[in-house]
Amino acid sequence: MQEPNTDPKFLKPYNPQETEDRIYKLWEESGLFNPDVCIEKGVTDKDAKAFSIVLPPPNVTGTLHLGHAATLTIEDIMVRFARMQGKRTLWLPGTDHAAIATQSKVEKIIEKEEGKRKTDLGREEFLKRVEKFAQDSHDTIVSQCKKMGASLDWSREAYTLDEKRNLAVRTAFKKMYDDKLIYRGHRIVNWDPKGQTVISDDEIVYEERKAKMYTFKYSSDFPIYISTTRPETKVGDVAVAVNPSDERYEKYIGKTYVVEDFCGVPLSIKIIADEAVEKEFGTGALGVTPAHSQIDSEIASRHNLETKQVINEFAKMTVGGERILNKKTTEAREVIVAWLKENDLLEKEEEIIQNISMAERTGGIIEPLPKLQWFIDVNKKISERDNKSLKELMLDVVKDKSIEIIPERFERVYYNWIENLRDWCISRQIWYGHRIPVWYKDKEIYCGIEEPKGEGWEQDLDTLDTWFSSGLWTFSTMGWPNVNSPDFIAYRKTDVLETAYDIIFFWVARMILMTTYILGEVPFKTVYLHGLVRDTQGRKMSKSLGNSLDPVELINKYGTDAVRMSLVMGTGPGNDSKMSEDKIRAYKNYANKLWNITRFVISSKEGFEYNPTFEKYLDQEKKLIKERDEIIKEITKEIGEYKFYLAGEKIYQYTWSRFADVIIEESKPIFQNGTKEEKESRAEFMLDTLTKILKILHPFMPFVTEEIWQTMGKEKLLMVEKWPTI
RNA sequence: GCGCGCUUAGCUCAGUUGGUAGAGCAACUCAUUUACACUGAGAAGGUCGGGGGUUCAAGUCCCUCAGCGCGCACCA
């Protein structure tokens, strides 16, 4: 067949490798990822409705994985759709310093490569190394985001640890300090002996392990047996607590027993009654260790018992004779059990399944220790916010639907977390992060945005939990604390926060906390949670399992559009999905199909020029238009409702099964034997439909659609074309 | 202990307010140079985890049981 107007490019299969980088460059150089440029160039109306999203900043701990790829794809679909609808669209990029995660990663590398510890290097030198690592990770991440086709406004890129964000952090801290929401307190915290830092409750992961539960008494003349899985902590016991209604132990309550020698340590044990003790558990009597157990510490404070620390920051014993002193807790445990056996004090030992607490990032086993740390009070009433506490602020905006969570079931998860929420420990004994803006001089304490004047002030050595700065992200990236900044005014109330469900507590909740408190408004209107991407066997992808697929590798093999489609299709919100190469291959074929559809449409138009306002359609085409427009309407509605998987499926089906397989086949005889009117009507319909398919598909498969658009000789970028309206 | 999710074709998953089950991949038959082989046509494949209930009608709503997965709490 003669192909008068066909670009020779269409005679070969679509080649994503040759296309994608070139197209991204074209977009980037146009400047149209930036809404200000869109307005300047007349692409977007300056009074148009705003649409903004912040990219969940990837941690600078290495490279992007398929989960990030999913995030980028889903958000890019939303953003491109909004942009094509003529909204002033901002998608703001950034990366996260990820304090403890990055630091522990660099520590591991240095230890492996040089056999050194961070203390061998010193704070300054070590931080230089971390910064170098972070910078390299950052560069990789940025180039990967671009590979994914993400239409991010790079001119506004932010980092959670840069100067501007540091100012935001200091400002926020100071406000909370002045409002007495931040306080310094001495209490039992989660100490990570491996990372040598405190961590928050949310940074603990649990693992089921077999453990032994020992039932014993402190001495032969002690009247009550107690049970424990950690006999080594018992050298720090000051009391035995029983339930007040427990008749078995009633007669002992109030008495104090002196144990002269418990494995080399003298104890003085008071028998107390406390409601927290369950009669049915173990012997119904609880050895109270105020320094090394959260619950025990609470009991102790109710009964004015002293706190006796017996384990230090290195998880080693600080009391006892040579048998246990300076020994690791696990070793001391064996010594004490042996001692109990020798002295005939051990009644029984049983094997149980126990949840052990570990630090998420380092894998260190958590040691509860009493320490002086900084906390955010989540229960204190805030006069500036209708006398609500942070907990209440977080709860209310979801309850009253100021924030909608999709899928809805995660609202319950969110409520459940808030109900159990304790004061948030925000200080960390690590080096990489925002320094706490507090200075000490003798007994004076100063909290300020800037360093205090005068001699002799020493800044707090600790840094802040990384989520403190992440919590400010929606507005710290928009110019805050400068409330007159144009971005702050136009974009800070973001439309949707899109992320994987596994950071709902870490991040989503903290942003809601910070924004409702500091600004008195919500950070976003909708939270859209997607699931985790798993391997073909349903396992979470991880480096240690060696099952993580590298998005860049897949892109090189199949093209970005194919990877994007496979991440979106067949996945409902909040549901995990499995990734397989078969699926990606199918969408690679689809990109080529689209390519060939274009080739056919262009080659068969026979001199007719595309006329978007063509009106002389014949009945046959009118029917087809009606059918097509109905589908476009549905797709538009579905994307607006975040049902990308449905919309994508629909446009896929329409182009392939309907347009290519049926409509194109039917047109062949028309173009061969039809009248001029018939040919014209059909040719216009085909061109018009192809145009609309390309526009609708663009958010999903931006590269191939833009490449076709450009090859067809269109003036504007498809990226900023108007979405088809019916 | 509290809560959530999943169970639909061989595999991976959709199925929006209840109206006779869909897609991709794989496998099967046919077509053999076509806009496209990164292709087309066709056929095959499911008592929607088990049981019970509501309803004219249930994959969808309710109850219950089971298996798998997850979150939170507990963890003396």
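Reminder, nothing fancy here: chain letters follow the sequence lines and each chain counts from 1.
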- [ ] Taking all heavy atoms of Glu498(A) and all of Pro56(A), pick out the closest pair and write down the distance.
- [x] O-CG, 3.2 Å
TODO: Round to the nearest Å and state the distance from Trp656(A) atom CH2 to rU39(B) atom P.
DONE: 5 Å
Task: Note, Asn190(A) side chain near Glu203(A) side chain (heavy atom, < 4.5 Å) - done: no
TODO: Taking only Lys NZ, Arg NE, NH1 and NH2, and the carboxylate oxygens of Asp or Glu, determine whether Asp688(A) and Arg628(A) approach each other closer than 4.0 Å.
DONE: yes
Task: Length of the line joining Arg599(A):CZ and rU33(B):P, which is rounded to integer Å - done: 16 Å
TODO: Can you label the angle between the Tyr257(A) ring and the Tyr252(A) ring as parallel, tilted or perpendicular, going by 30° and 60°?
DONE: perpendicular
Task: Ile555(A) side, atom CD1; Arg564(A) side, atom CZ - distance, nearest 0.5 Å - done: 9.5 Å
Task: Protein-to-nucleotide contact annotation, 5' to 3' order, nucleotides 3-10 of chain B [B base; S sugar-phosphate only; - none; under 4.0 Å, heavy atom] - done: SSS-----
Open item on the list: Measuring only the C1' atom in each nucleotide, how far is rC13(B) from rG53(B)? A whole number of Å is fine.
Closed with: 30 Å
Task: Span that lies between the C1' atom of rU7(B) and that of rG15(B), in whole angstrom - done: 15 Å
- [ ] Output yes when Lys279(A) and Glu247(A) qualify as a salt bridge under the 4.0 Å nitrogen-oxygen rule, no when they do not.
- [x] no
Open item on the list: Side chain of Asn416(A) only, heavy atoms from C-beta on: which candidate in rG24(B), rC72(B), rC75(B) is closest?
Closed with: rC72(B)
Task: Ion pair check, Arg209(A) and Glu207(A), cut-off under 4.0 Å - done: yes
- [ ] Take atom C1' in rC30(B) and the same atom in rA43(B), then report the distance between them in whole Å.
- [x] 10 Å
- [ ] Figure out the OH/C1' separation between Tyr652(A) and rA23(B), and round it to whole Å.
- [x] 8 Å
TODO: Assign Ala591(A) to base, sugar-phosphate, or nothing according to its heavy-atom contacts below 4.0 angstrom with the strands shown.
DONE: nothing
Open item on the list: At 4.0 Å (heavy atoms only), tell me whether Asn355(A) reaches a base, stays on the sugar-phosphate, or touches nothing.
Closed with: base
Task: Rounded distance (Å) that lies between atom C1' of rG15(B) and atom CD of Glu641(A) - done: 15 Å
Task: Nearest listed nucleotide, side chain of Asn592(A), among rC36(B), rC75(B), rC72(B) - done: rC36(B)
Open item on the list: Side chain of Lys643(A) only, heavy atoms from C-beta on: which candidate in rU16(B), rC25(B), rA35(B) is closest?
Closed with: rU16(B)
Task: Pairwise C1' distance for rG46(B) and rU8(B), with rounding to whole Å - done: 7 Å
Open item on the list: Mind checking if Glu419(A) touches a base, just sugar-phosphate, or nothing, with heavy atoms under 4.0 Å?
Closed with: nothing
Open item on the list: Heavy atoms only, 4.0 Å cut-off, all strands: where does Met569(A) land among base, sugar-phosphate and nothing?
Closed with: nothing
Task: Out of rA35(B), rG15(B), rA73(B), whichever nucleotide has its closest atom nearest the side chain of Tyr645(A) - done: rG15(B)
TODO: Report which part of the nucleic acid Ile664(A) touches: base, sugar-phosphate, or nothing (heavy-atom distance under 4.0 Å, all strands).
DONE: base
TODO: Please measure how far the P atom in rA66(B) lies from the corresponding atom in rU47(B), and state the result in whole Å.
DONE: 24 Å
Task: rA44(B) and rU12(B), which share atom name P, separated by this distance in whole Å - done: 24 Å
Task: Rounded P spacing from rC48(B) to rG22(B) in Å - done: 14 Å
TODO: Using a heavy-atom cut-off of under 4.0 Å over every strand shown, decide if Asp661(A) touches base, sugar-phosphate, or nothing.
DONE: sugar-phosphate
Task: Phosphate contact (rC13(B) OP1 or OP2) by Lys583(A) side-chain N/O below 4.0 Å - done: no
- [ ] Decide yes or no, distance alone: a donor-acceptor N/O pair under 3.5 angstrom between the base of rC38(B) and the side-chain of Lys593(A).
- [x] no
TODO: Name the residue closer to the 5' end of RNA chain B, choosing between Lys234(A) and Tyr14(A) according to the nucleotide with the nearest heavy atom.
DONE: Tyr14(A)
TODO: Identify whether any heavy atom of Val277(A) sits under 4.0 Å from a base atom; if not, whether one sits that close to sugar-phosphate; answer base, sugar-phosphate or nothing.
DONE: base
Open item on the list: Tell me the interatomic distance from Met565(A), atom CE, to rC25(B), atom P, rounded to whole angstroms.
Closed with: 12 Å
- [ ] State which of rA23(B), rC75(B), rC72(B) makes the closest approach to the side chain of Phe505(A).
- [x] rC72(B)
- [ ] Tell me what Tyr206(A) touches on the nucleic acid: a base, only sugar-phosphate, or nothing, going by heavy atoms under 4.0 Å.
- [x] base
- [ ] Describe the nucleic acid contact of Phe281(A) in one word from base, sugar-phosphate, nothing, applying a heavy-atom distance below 4.0 Å.
- [x] base
TODO: Kindly assign one of parallel, tilted or perpendicular to the pair Trp339(A) and Phe262(A), based on the angle between their ring planes and the thresholds 30° and 60°.
DONE: perpendicular
Task: rU32(B) and rA41(B), which share atom name C1', separated by this distance in whole Å - done: 13 Å
- [ ] Would you mind reading off the distance between Phe410(A) atom CZ and rC70(B) atom P, rounded to a whole angstrom?
- [x] 14 Å
- [ ] Name the residue closer to the 5' end of RNA chain B, choosing between Trp417(A) and Ala285(A) according to the nucleotide with the nearest heavy atom.
- [x] Trp417(A)
Open item on the list: Students often get this wrong, so: under 4.0 angstrom with heavy atoms, is Asp582(A) touching a base, only sugar-phosphate, or nothing?
Closed with: sugar-phosphate
- [ ] Would you please classify the geometry between the Tyr501(A) ring and the Phe410(A) ring as parallel, tilted or perpendicular, with 30° and 60° separating the classes?
- [x] parallel
Task: Glu627(A)-Tyr654(A) side chain donor-acceptor pair, cut-off 3.5 Å - done: no
TODO: Whole angstrom is fine here: how far is it from CG in Leu646(A) over to C1' in rA23(B)?
DONE: 12 Å
- [ ] With heavy atoms under 4.0 Å as the rule, sort Ser566(A) into base, sugar-phosphate or nothing.
- [x] nothing
TODO: Name all stems that contain residues of RNA chain B, defined as runs of 3 or more consecutive Watson-Crick or G-U wobble pairs, both distances under 3.5 Å.
DONE: B:1-7 with B:66-72, B:10-13 with B:22-25, B:28-31 with B:39-42, B:49-53 with B:61-65
TODO: Flag the pair Tyr642(A) / Pro573(A) as yes when at least one side-chain heavy-atom distance between them is below 4.5 Å, and no otherwise.
DONE: no
Open item on the list: Measuring from atom OG1 of Thr283(A) to atom CD of Glu347(A), what distance do you get when rounded to the nearest 0.5 angstrom?
Closed with: 8.5 Å
Open item on the list: Between P on rC38(B) and CD on Glu18(A), what's the gap in Å once rounded to a whole number?
Closed with: 19 Å
TODO: Assess the pair Tyr652(A) and Tyr587(A): is the distance between their ring centroids shorter than 6.0 Å?
DONE: yes
